[in-house]
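In what follows, chains are A, B, ... by sequence order, proteins preceding strands, each numbered from 1.
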Amino acid sequence: MRKLSHPVLVLAAALALLPFLMRSLGLTTALATELVLMAMAGLGFNLLLGYTGLVSFGHGAFFGLAAYGTALFQIHVMRGGVIVPVLFGTAFAAVLGLVVGFLILRRRGVYFSLLTLAFTAMVFYIVFRWTDFTGGESGLGGIKRAPLLGLDLDDQTLLYAVVCLIVLAVSLLMWRLVNSPFGRVLAAIRENQQRAEFVGFPVQRYKLVAFIVSATVVGLAGTLFALLKYFISADLVHVTFSGEILAMSVIGGQRSFLGPALGALFFILFRELLTAVTAGWQLWFGLLFMGFVLFSPGGLMGLGERILAPFRTDRREAAAMAKRVTPDPGADIPGFLRGQGDGSGQALAIEGISKRFGAFVAVDKVTIALAPRGIHALIGPNGAGKTTLFNVLSGMFPPDGGTIGLTGRSIAGLPAATLAGLGIARSFQITNIFKTLTVAENLRLAVQARDPRRFAFFRHSDTLAEVNAKTSGLISFLGLKGLEEVNADSLSYGGQRLLEIGLALAVQPRVLLLDEPLVGLAAGERERIVGLIQRLSEHMSVLVIEHDIDRVFAFAGIITVMHNGAVLATGTPAEVRAHAQVQAVYLGTGRRISASRKMAGITTKAEPLLSLEAVNSFYGASHILHDVSLELYPGEMVALLGRNGAGKSSTLKAITGLNPPRLGRVIYLGQDITGWSPEDVARAGIGLVPQGRRLFPTLTVAQNLEMGRLKRIGRDGVRWPEERVFQMFPRIRERLNAKADTLSGGEQQMVAIARALVGSTRLLLMDEPFEGLSPAMCEEVFNVIDELRREVPILMIEHDLDLALALADRVYVLDRGRISHEGPAEPLHTDLELRKATLWL
Amino acid sequence: MFFIIIEQIANGLVVGTYYTLLALGLSLVFSLGGVVNLAHGAFYALGAYLAVTVSSLLGLGFFSAVGLAPVGVALVGMAIEVLFLRRLYGEDPILGLLFTFGLAITAEQAIRLIWGGTGLPFGIPPELAGVMTWRGFLFPYYRLTILAVCVGTIAATWLLLNKTSFGMVVRAGTSDPEMVRALGIRLRPVLTAVFGLGVGIAGLAGVMSAPLAGVQPAMGTEILTATFVIVVIGGLGSFWGVVLAGILVGIVKGLTVIFYPPAAEAAMYALMVLVLLVRPRGLLGEKMDRLES
């Protein structure tokens with residue numbers, strides 16, 4: 001948020017000048033009062049929209065219902081009077097906000113917005129039909145402005161002054177609110193609700209309070225509006241009115257405190273001045289609103305900022321600095337992080353944890369003993385269940401079986417925010433920070449979650465001394481000194497990963513769960529983070545998932561290997577390295593699998609069918625593939641090997657266009673296809689059998705096949721007619737009209753392969769075709785691929801080395817995004833020692 | 001009394017299939033593109049207005065109007081999809097909501113400007129007027145026609161989705177758009193066509209309702225909430241869920257009207273709120289993560 005010098009002063013000045021502006025345009029003071037009230041309604045509404053990120057299509061209902069409350073109270077109960085009816089109307093709005101908010105805030109996103117729409121429609125219907133009470137269509141008149149403290153409020157100028165005072169007071173309170181610890185959390189919820197929960201904030205409570213405050217402020221505006229107009233009607237609770245408040249806030253600028261006020265000014269002036277010219281002013285206003293949504297969601301304030309940006313040097317300097325400064329290894333561990341790991345016994349007693357998704361067992365009775373200090377690493381091939389285990393431990397979802405004990409207390413199934421409060425912190429594999437906040441704001445927010453004053457409404461969040469001290473200690477430790485004011489999304493990738501860990505540390509953890517902290521980082525940065533982790537592990541228990549196995553074996557104290565959801569082995573690095581079963585999982589058993597040897601035909605003198613030239617791929621800021629080069633010649637089968645996280649699937653995505661390379665080229669049939677859309681790549685004859693099969697579940701087998709041949713109709717390349725499909729996969733003929741999601745894993749794999757081959761294919765890409773198959777099915781698929789490779793060139797990713805080496809002619813090995821080995825498959829297939837030397841640690 | 005109940009159930013069925021038609025269009029657009037089109041009611045209104053124009057200004061009859069108006073609406077819809085909605089696919093779904101909300105309000109104003117603020121007359125064509133009698137059971141022919149057209153359109157939509165290549169691609173694109181692209185099939189034209197289909201159906205519903213409910217500018221926003229009620233109860237993205245919900249709501253409304261008229265509409269909203277709280281995916285819908293992020 002842009003911080004104006006003090007928005008309330010700006011507002012006060014504007015309010016003082018407004019009557020003169022109005023008069024110069026030939027408009028009345030009463031209209032000025034109306035404008036001010038709409039501005040206040042916008043401000044209240046924006047607490048929900050701009051600050052918390054919740055879109056309500058029904059806030060006008062609070063405005064209108066509060067107005068009705070005031071009017072009815074004045075008419076039936078007090079017969080006059082001003083203060084009490086207004087207070088009643090406002091209180092009514094607050095209570096309604098509590099009830100409605102409690103009910104509908106359970107849903108998020110689009111569902112929440114739809115609920116507000118339904119709520120408004122219902123309210124309008126009731127108000128409109130209950131003619132006896134509300135006046136229905138004709139509205140409710142006879143509202144009086146009783147004298148207030150001797151002032152005659154029927155004087156429009158006096159009323160304007162009184163309303164302005166009220167609005168200024170409310171604005172001051174709101175301004176303090178949004179800058180308080182409470183307000184900062186709202187912004188965090190808007191940016192990244194999940195991370196806010198994992199950092200320890202009970203998000204639902206915050207949203208409810210924001211909803212109530214917003215409803216109350218909007219309601220107050222409504223009550224004063226009733227006094228202004230002497231008359232109210234059901235229009236005020238109609239969805240169109242809510243839409244106007246929404247439009248005002250969006251057009252004015254939802255990211256700025258005064259944006260909605262500007263929007264109100266714009267709206268009223270637009271309405272008044274255009275009504276004289278055309279009856280269709282609402283049409284033009286609507287078009288403007290749509291335009292802003294499409295092209296400038298930051299509204300007028302956003303536009304203003306963009307125009308002024310070249311003149312704002314401070315932000316640009318900070319961003320430039322972010323690129324220059326490299327995070328330095330930093331200072332000592334801050335005091336508040338020490339001492340968590342004192343004492344003996346287990347930090348966390350994880351026993352027999354199981355987690356199922358439908359029929360799929362992701363985690364199978366896992367038991368891990370976490371010591372109070374030290375680094376415990378969790379490794380295992382893809383799909384081993386490591387991240388699912390983390391999700392269970394950190395409270396993302398409860399386990400289906402087993403217990404988790406924290407100092408004798410069972411904590412399985414507790415929500416993430418509670419667990420954070422108990423000292424279980426977690427970092428994420430995909431960076432999960434608050435992107436639009438600065439580095440300091442990110443960390444201060446997380447630190448604040450542990451501070452007892454985190455609900456404070458009216459203190460300025462920057463004045464919490466303890467929070468500030470802890471934050472700067474953390475910043476120094478992470479080595480981010482000098483980058484405090486840099487926006488998180490301007491940081492380098494390495495900086496972002498440091499911040500990611502920092503957010504977890506701010507929780508003051510006893511147990512720190514780090515999910516692939518090193519992913520995508522260069523060697524130097526990896527060293528830095530390993531150093532950080534080692535120092536932290538002297539004070540707390542660290543459980544790390546990592547695929548950089550070389551490093552893991554160097555820095556971990558204990559290693560647990562998981563496979564297919566269960567624990568395979570636990571021990572010191574030396575023990576695990578020598579463990580036969582672990583080696584088998586990563587290297588294969590060296591069993592001889594007979595495959596019919598290929599007929600000679602590859603001449604490396606020929607032009608490659610496919611070649612990658614120094615391909616570099618990124619996921620966002622994460623550099624995944626580094627100068628990857630490979631070739632595939634006509635008539636051969638190449639296997640792409642490597643541990644998970646190495647970049648194998650990313651290589652396929654670079655070829656198929658699903659994640660095009662940022663640097664380097666992909667050449668196919670002599671043509672540069674880098675950056676081609678996936679549709680064009682497919683039509684050019686590159687067939688894909690993706691990881692996980694990805695059949696269309698609601699379509700039948702026959703229809704899945706038809707999808708494969710619909711648009712891939714080139715004349716070159718292999719193109720299997722249906723008879724050939726049935727001959728190769730007899731079971732497909734039997735199951736032709738079954739829905740794809742009723743097939744077994746092996747049958748699905750067959751269909752996935754057939755789907756690729758019924759369309760014109762000159763090169764077949766296969767990603768983990770043996771994953772999740774029973775041994776019998778593996779054998780069948782193996783035979784199929786054995787036959788296939790004589791017909792069509794194949795590039796296969798497979799982690800089962802025995803199978804891959806038996807089938808392939810040549811192999812490439814990827815390690816941390818780089819090609820580390822290239823050569824014929826045969827020697828690696830037959831000689832297990834050579835395999836170990838080339839591919840193991 | 002018995003006949004009154006039967007009549008009201010029959011009325012409810014007419015209203016129900018008619019809501020289903022609208023809700024189906026909305027649901028289709030959401031399944032494939034992920035956009036909740038709050039302007040759906042505007043296309044419904046446009047259909048009615050185009051029908052009025054076609055029949056009165058161009059001197060063509062009711063039947064031509066029924067044929068041409070939905071096509072006109074579909075064309076307008078597709079233009080909007082290509083020009084604007086495309087930018088919103090894959091963005092924050094809230095932007096789609098905001099944009100279509102603005103579109104709904106703007107469209108109503110545009111209609112006011114073009115055709116005037118007061119309602120326009122649109123009569124039941126003489127061929128379809130009259131009441132069918134059958135042993136004391138009275139039912140207007142026109143309502144029967146609506147029922148027939150709605151059921152026919154729903155059936156045709158089902159056939160399109162389940163028995164044609166186009167429908168196959170739509171259903172595949174609903175579950176895994178990336179894989180569809182990896183098979184060489186471009187989804188953009190399909191998205192445009194589906195949008196045109198969805199709003200064209202809404203336009204058809206508008207034309208059919210014109211003789212009964214009248215043609216006035218606010219008709220779009222009025223019908224919108226009812227449509228959402230159906231979609232939410234049935235489940236966004238579920239064909240049979242929407243059909244079931246439409247018929248259910250129609251019958252419940254029809255019966256409530258006999259016993260306590262004011263409760264009829266309120267009951268609908270209450271039902272929607274209940275479903276959204278207790279079973280947000282609706283009766284038959286899938287759990288939609290897209291909607292909750």
So, for [X] and [Y], which heavy atoms are closest and what is the spacing to 0.1 Å?
X         : Y         : result
Ala682(A) : Ala182(B) : CB-O, 3.2 Å
Phe696(A) : Ser175(B) : CD2-OG, 4.2 Å
Ile185(B) : Lys711(A) : CG1-CG, 3.7 Å
Val55(A)  : Leu98(B)  : CG1-CD2, 4.1 Å

Using heavy-atom distances under 4.5 Å, tell me whether [X] contacts chain A through its side chain, its backbone, both, or neither.
X         : answer
Leu113(B) : side chain
Ile105(B) : side chain
Phe228(B) : side chain

field: Asp680(A) with Arg186(B): basic N within carboxylate O range, under 4.0 Å
entry: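 Yes, this pair counts.
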A side-chain contact here means heavy atoms from C-beta on lying under 4.5 Å apart; do [X] and [Y] qualify?
X         : Y         : answer
Phe295(A) : Arg87(B)  : yes
Leu38(B)  : Phe57(A)  : yes
Met707(A) : Met179(B) : no
Thr221(B) : Thr240(A) : no
Leu183(B) : Leu688(A) : no

Which one, [options], leads in non-hydrogen pairs under 4.5 Å with chain B?
options                                    : value
Gln703(A), Arg694(A), Glu706(A)            : Arg694(A)
Asn704(A), Thr698(A), Leu658(A)            : Leu658(A)
Gln193(A), Arg712(A), Arg709(A), Met122(A) : Met122(A)

- request: Check the pair Phe84(B), Val293(A) against side chain to side chain contact (heavy atoms under 4.5 Å, CB included), reporting the backbone distance first and the verdict last.
  value: CA-CA 11 Å; Phe84(B) 304 115; Val293(A) 170; over 6 Å; no
Count the heavy atoms of every other residue, nucleotide or ligand shown that sit under 6.0 Å from [atom1] of [X], and state whether that count exceeds 12.
X         : atom1 : answer
Phe102(A) : CZ    : no
Arg271(A) : CZ    : yes
Trp281(A) : CH2   : yes

Which atoms of [X] come close to chain B, meaning under 4.5 Å heavy atom to heavy atom: side chain ones, backbone ones, both, or neither?
X         : result
Thr656(A) : neither
Phe292(A) : neither
Ala121(A) : both
Leu287(A) : both
Leu246(A) : side chain

- prompt: Which distance, rounded to the nearest 0.5 Å, do you find between the CG of Leu699(A) and the CZ of Arg171(B)?
  reply: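 Reported value, rounded in 0.5 Å steps: 4.5 Å.
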Value rounded to 0.5 Å, distance of CG in Leu294(A) from CG in Leu88(B):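 Result: 5.5 Å between the selected atoms.
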query: Just by modelled atom types, is the Glu679(A) backbone N or O under 3.5 Å from a matching donor or acceptor in the Arg181(B) side chain?
result: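 Checked: no pair found.
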- prompt: Which is it for Thr106(B) and Phe289(A) under the side chain to side chain contact (heavy atoms under 4.5 Å, CB included) test, yes or no, and what are the steps along the way?
  reply: CA-CA 9 Å; Thr106(B) 309; Phe289(A) 172 65; over 6 Å; no
task: Among Ser165(B), Gly117(B), Ala107(B), Gly102(B), single out the residue with the greatest number of heavy-atom pairs under 4.5 Å to chain A.
output: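 Most pairs with chain A among the choices: Gly102(B).
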- prompt: With chain A, which of Leu95(B), Leu187(B), Leu103(B), Asn162(B) has the greatest number of heavy-atom pairs at distances under 4.5 Å?
  reply: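 Of the candidates given, the most pairs with chain A belong to Leu103(B).
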Residue pairs fulfilling salt bridge (Lys or Arg N to Asp or Glu O under 4.0 Å) with at least one residue in residues 98-108 of chain B, sequence neighbours excluded: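 Salt bridge (Lys or Arg N to Asp or Glu O under 4.0 Å) check on residues 98-108 of chain B returns Glu108(B)-Arg112(B).
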Contacts of residues 751-767 of chain A with chain B (heavy atom under 4.5 Å):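 Heavy-atom contacts from residues 751-767 of chain A to chain B are Arg755(A).
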